[in-house]
Colleague: 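Supplied in structure tokens, the structure appears directly below.
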Amino acid sequence: MIRLSAITPSGHVHLGNHLGAIRRWAAEGAPDDLYFISDLHGMTGAHNPAVLRSLAREQLAVLIAAGVGERTVFVQSDLARELGALTWILECTCSYGEAARMIQFKEKSKGQAGVRLSLLTYPALMAADILLQGAAQVPVGEDQRQHVELARVLARRFNATYGEVFTVPEAVLPPAAARVRDLSDPTRKMSKSTRDSVGVLFVLDDPDALRRKIKRAVTDGGSEVVYEPEARPGLANLLDILAGCLGGSPAELAASFSSYGAVKEAVTEAVIETLTPIRTAAQALLADPAELDRIRKQGATRAAERGEHRLASALRLVGAG
């Protein structure tokens with residue numbers, strides 16, 4: 001059974017990405033699972049091409065450095081020809097109404113004067129990502145579940161109309177992970193694309209930068225160290241991060257501290273210990289472009305080979321091959 005997961009290069013990889021997904025991919029990934037950098041998805045809005053290219057390479061290096069197997073990871077745009085052909089087939093299988101009903105399209109296009117067509121057709125590309133690889137399971141959050149459901153609809157419709165080609169995928173919720181909020185504003189999630197990075201712990205931050213950010217983290221009124229996410233979201237966020245790095249329950253960890261300062265010191269050491277090996281390995285890869293290119297090509301070749309027969313069959317059945 002193939003599982004497929006992706007990360008979009010909308011910004012630098014942060015601690016929440018690592019604790020919430022990347023670490024699990026490295027620890028639990030099966031030989032047939034695939035992980036990719038979805039750089040084509042990063043083009044649905046205005047973007048800087050050079051930055052997008054750089055972030056895609058950085059994310060590839062981080063995934064490899066974190067332990068995601070070299071043969072299981074690839075960059076989406078390296079399969080642009082295959083995905084372009086399959087996306088067109090799926091667009092010809094999908095109705096306008098089905099695409100326009102996607103919640104993310106409605107939310108992101110609301111009030112916008114010039115909406116890119118790619119924002120509407122993006123779900124067909126996502127379906128192509130899934131169906132090309134024959135993925136049976138796609139771990140996604142609730143915000144992407146509707147897109148996987150559309151991929152299921154399109155797979156069934158194509159199979160019924162033209163012939164059996166595609167595995168019908170299933171959306172699965174990934175295991176609960178540490179909740180990581182922005183250190184400067186714990187009411188919002190830590191995000192790759194935030195404009196103000198003072199509250200974001202990036203995987204490639206050096207230890208001094210991590211120390212500064214955690215030292216300045218928002219805490220709450222009172223002096224007792226207790227885990228109360230609603231009443232004390234700042235302190236709860238720090239305890240969530242500590243639990244994510246060390247394991248254990250945030251509430252139980254809280255009982256071992258007598259001050260906010262001690263919590264921040266413990267979080268700082270845990271985060272540095274967690275991220276330093278990944279940062280070191282990722283920077284070594286980024287400093288060796290030939291090696292990173294070799295790994296990238298290997299992953300792209302494997303992904304293309306796995307999808308080749310499905311694309312050929314789909315083209316032939318619709319009369320294009």
Side-chain angles (χ1 to χ4, degrees), residues 7-24 42 45 47-48 51-52 54-55 58-59 61-63 65-66 107-108 141-143 174 176-248 250-251 253-254 257 259-279 282-283:
I7 181 170
T8 301
S10 55
H12 301 292
V13 184
H14 58 69
L15 179 68
N17 300 138
H18 176 67
L19 296 180
I22 296 172
R23 182 175 62 176
R24 186 181 71 253
H47 69 283
N48 182 309
V51 171
L52 180 65
S54 175
L55 288 173
E58 178 184 303
Q59 288 193 356
V62 168
L63 261 61
E107 291 179 348
K108 291 183 179 181
E142 284 294 342
D143 61 331
R179 299 189 327 162
V180 180
R181 318 295 292 184
D182 191 293
L183 296 181
S184 63
D185 182 1
T187 64
R188 67 188 185 195
K189 290 173 59 177
M190 194 170 284
S191 170
K192 296 193 300 293
S193 56
T194 184
R195 292 184 178 181
D196 181 4
S197 63
V198 68
V200 183
L201 301 175
F202 295 113
V203 171
L204 296 188
D205 276 344
D206 62 46
D208 286 342
L210 295 172
R211 286 192 183 94
R212 286 195 301 272
K213 290 179 179 180
I214 295 171
K215 184 178 181 179
R216 297 170 183 170
V218 169
T219 51
D220 317 285
S223 58
E224 185 182 5
V225 178
V226 292
Y227 183 68
E228 297 178 344
E230 296 298 326
R232 302 184 184 184
L235 177 59
N237 186 39
L238 291 172
L239 292 168
D240 281 327
I241 290 172
L242 188 62
C245 291
L246 301 182
L253 288 171
F257 296 100
S259 69
Y260 287 4
V263 173
K264 286 187 174 182
E265 289 179 10
V267 171
T268 298
E269 295 310 310
V271 169
I272 290 175
E273 184 176 351
T274 297
L275 296 185
T276 294
I278 301 170
R279 172 176 170 266
Q283 288 182 331

Colleague: If you define the side chain from C-beta out and look only at heavy atoms, does anything of Val271 sit under 4.5 Å from Leu242?
Modeller: no

Colleague: Tell me, do Ile241 and Asn237 make a side-chain contact under 4.5 Å, heavy atoms counted?
Modeller: yes

Colleague: Please find the pair of heavy atoms, one from Pro207 and one from Thr276, that lie closest to each other, and give the distance.
Modeller: CG-OG1, 4.4 Å

Colleague: Evaluate the criterion side-chain contact (heavy atoms from CB on, under 4.5 Å) for residue pair His18 and Thr274; output intermediate values, then yes/no.
Modeller: CA-CA 10 Å; His18 176 67; Thr274 297; 4.0 Å; yes

Colleague: Enter the distance from Leu63:CG to Glu58:CD here, rounded to the nearest 0.5 Å.
Modeller: 11.0 Å

Colleague: Mind running side-chain contact (heavy atoms from CB on, under 4.5 Å) on His14 and Leu201 for me, showing each step along the way?
Modeller: CA-CA 5 Å; His14 58 69; Leu201 301 175; 5.7 Å; no

Colleague: Between CD of Glu224 and CZ of Phe257, what distance do you get to the nearest 0.5 Å?
Modeller: 14.5 Å

Colleague: Between atom CG of Asp205 and atom CZ of Arg212, what is the distance when rounded to the nearest 0.5 Å?
Modeller: 8.5 Å

Colleague: Under 4.5 Å between any side-chain heavy atoms of Leu275 and Val203, yes or no?
Modeller: yes

Colleague: Contact between Leu204 and Arg279 at the side-chain level, heavy atoms closer than 4.5 Å - yes or no?
Modeller: yes

Colleague: Going by distance alone, is a donor N or O of one side chain under 3.5 Å from an acceptor N or O of the other, for Asp240 and Tyr227?
Modeller: yes

Colleague: I'd like to check Pro233 versus Asp220 (side-chain heavy atoms, cut-off strictly below 4.5 Å). Are they in contact?
Modeller: yes

Colleague: Has the side chain of Lys189 got a donor or acceptor atom that lies under 3.5 Å from a matching backbone atom of Asp182?
Modeller: no

Colleague: Is it true that a side-chain atom of Lys213 and a backbone atom of Leu183 form a donor plus acceptor pair closer than 3.5 Å?
Modeller: no

Colleague: Quiz question: by atom type and distance under 3.5 Å, do the side chains of Thr8 and Ser10 form a donor-acceptor pair?
Modeller: no

Colleague: Does any part of the side chain of Leu210, heavy atoms only, come nearer than 4.5 Å to the side chain of Asp206, both counted from C-beta?
Modeller: no

Colleague: To the closest 0.5 Å, what do you measure between OG (Ser184) and CE (Met190)?
Modeller: 8.5 Å

Colleague: I'd like to check Val218 versus Asp185 (side-chain heavy atoms, cut-off strictly below 4.5 Å). Are they in contact?
Modeller: no

Colleague: Given 3.5 Å as the limit, does a donor-acceptor pair link the side chain of Ser197 with the main chain of Val200, or not?
Modeller: no

Colleague: Once you round to the nearest 0.5 Å, how far does CZ of Arg181 lie from CG of Leu238?
Modeller: 13.0 Å

Colleague: Quick one: closest heavy-atom pair of Ala65 and Ala282, and the distance?
Modeller: CB-N, 3.4 Å

Colleague: Report yes if some heavy atom in the side chain of Lys192 is under 4.5 Å from a heavy atom in the side chain of Pro9; otherwise report no.
Modeller: no

Colleague: The criterion is salt bridge (charged side-chain N to carboxylate O under 4.0 Å, His left out); which residues satisfy it with Arg216, sequence neighbours excluded?
Modeller: none

Colleague: OG1/Thr268 to CD1/Ile214 distance, rounded to the nearest 0.5 angstrom?
Modeller: 4.0 Å

Colleague: Please name the pair of heavy atoms, one in Pro229 and one in Arg179, separated by the smallest distance, quoted to 0.1 Å.
Modeller: CB-NH2, 3.5 Å

Colleague: I'd like to know if the side chain of Lys264 and the backbone of Lys215 have a donor-acceptor N/O pair within less than 3.5 Å.
Modeller: yes

Colleague: Write down the atom of Ile272, the atom of Pro277, and the distance for their closest heavy-atom approach.
Modeller: O-CD, 4.5 Å

Colleague: Could you check, using the six-membered ring where one of them is a Trp, whether Phe202 and His12 have ring centers closer than 6.0 angstrom?
Modeller: yes

Colleague: Looking only at heavy atoms, what is the nearest atom pair of Ile22 and Ala66, with distance?
Modeller: CG2-CB, 3.6 Å

